[in-house]
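Within every chain, numbering begins at 1; the chains are lettered A, B, ... in the order of the sequence lines, protein sequences first and strands thereafter. None of these values were measured; they are calculated from a predicted model.
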Protein chains: 2
Amino acid sequence: MELSNSEEQLMQILWKKDKAFMKDLVEAYPDPKPALTTVATLLKRMQDKKFVGYTQIGRSREYFPKVSKKNYFSKQMNGLIKNFFNDSTSQFASFFTQETDLSEKELRELRELIDEKIKNK
Amino acid sequence: MELSNSEEQLMQILWKKDKAFMKDLVEAYPDPKPALTTVATLLKRMQDKKFVGYTQIGRSREYFPKVSKKNYFSKQMNGLIKNFFNDSTSQFASFFTQETDLSEKELRELRELIDEKIKNK
DNA sequence: TTTATTACTCTACAAATGTAGAATAATTTT
DNA sequence: AAAATTATTCTACATTTGTAGAGTAATAAA
């Protein structure tokens, strides 16, 4: 099961904080902050979906992500690539290189990284 | 306004066909194919959202995408990059290079592309 | 020990999504 | 012309999503 938009927004906050009490999560929202109960509902649903866990501390719960941002992001990417590039990562890579506008400096850095990757093959 | 999942699925079909009658769209679905009326509803909503247009041909309509796949994809990518990499395309690029597993050949091709891009700067 | 406060859970409800039957209009076949 | 077919629109309804008030239990403050 996937995260909905507002769930994902909350997840972003949780990833940033790494772990947090509900109160702090609400606090971290940009204005207008949602009601505590709203966040509570989202957290509940996210627990059902196995994206969030918590540790009981006193009578409070410290929530934490059960899925890493990296992992989640990868899945998203793969989904996109699958849909739009017929599952071809390299096709995507070339599209990406052509269509985004990285500066020359950034391009050089990227090439650097690729070189390194090639070396390690 | 964004496309929902099932709308996006239909959009993929429409992009592939470039233009098509409702009947053909339904036909193009993998089994189990949805009811004609289901596709009709989706098309209607997609028109409201300005993602689809049509040309009347006799008493039928030939539907076509009003947003290119490329353009749509770019927006999706930018959304992801914004959320996960704080809007830094280059940060994303390096993540991508590290985390996906392109073959050596693909990596070389990619570097080739980057080189060309740099040249054109 | 009454009263607040805190931290959740339950219930609710409008909007969006996924899916499709029923109705209607135009056209073609008998 | 009556009957069947085609192409769309209307209406409907179960789920999921976005948002939050009301209720409850435990603890802290008066």
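- Side-chain N/O atoms of A:K49 include one lying less than 4.0 angstrom from OP1 or OP2 on D:dT17.
- Applying the 4.0 Å criterion to OP1 and OP2 of D:dA26, one finds that A:R59 has every side-chain N and O outside that range.
- Comparing B:L42 and A:A40 by the nucleotide of DNA chain C that holds the closest heavy atom to each, the one mapping nearer the 5' end is A:A40.
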CA sep, side-chain torsions, deciding dist, call: A:D115, B:R111, salt bridge (charged side-chain N to carboxylate O under 4.0 Å, His left out): CA-CA 8 Å; A:D115 276 341; B:R111 186 176 56 178; 2.3 Å; yes
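- Put simply, B:T38 has no side-chain N or O that comes within less than 4.0 Å of OP1 or OP2 on C:dG18.
- Salt bridge A:E104/A:R108: present, at least one basic N to carboxylate O contact under 4.0 Å.
- Look at B:R45 and you won't find any side-chain N or O under 4.0 angstrom from OP1 or OP2 of C:dA15.
- Aromatic ring orientation, B:F51 versus B:Y72: perpendicular (interplanar angle above 60°, classes split at 30° and 60°).
- The side chain of A:S6 places an N or O atom within less than 4.0 Å of a non-bridging phosphate oxygen (OP1 or OP2) of D:dG18.
- Atom pair A:D24:CG and C:dC8:C1' shows a separation of 15 Å (rounding to whole Å applied).
- Considering only side-chain atoms of B:K23, the nucleotide from C:dC8, D:dA7, C:dG18 that sits closest is D:dA7.
- Residue B:K33 places its NZ atom among more than 12 non-hydrogen atoms of other residues, nucleotides or ligands, all under 6.0 Å distant.
- Place A:S4 and B:Y63 on DNA chain D by their nearest nucleotides, and B:Y63 ends up nearer the 5' end.
- The 12-atom threshold is exceeded at CG of B:D48, counting heavy atoms of other residues, nucleotides or ligands nearer than 6.0 Å.
- The side chain of B:T41 has D:dC10 as its nearest neighbour among D:dA20, D:dA7, D:dC10.
- Within the structure, a side-chain polar atom (N or O) of A:S60 is placed less than 4.0 Å from OP1 or OP2 of C:dA7.
- Atoms CG (A:L43) and C1' (D:dA20) sit 15 Å apart, rounded to a whole Å.
- Rounded to an integer number of Å, the gap from CG of A:L36 to P of C:dT5 is 15 Å.
- A:M22 has its CE atom 6 Å from the C1' atom of C:dA7, to the nearest Å.
- The nearest whole Å value for the distance from the CD1 atom in A:I57 to the P atom in C:dA7 is 12 Å.
- Per the geometry, CD belonging to A:Q9 stands 8 Å off P belonging to D:dT19, to the nearest Å.
- If you take CD of B:Q56 and P of C:dA26, they are 12 Å apart, rounded to a whole angstrom.
- Mapping A:E7 and A:T37 onto DNA chain D via the closest heavy atom, the residue that lands nearer the 5' end is A:E7.
- In this structure, CG of B:L3 is placed 13 Å from C1' of C:dA16, rounded to the nearest angstrom.
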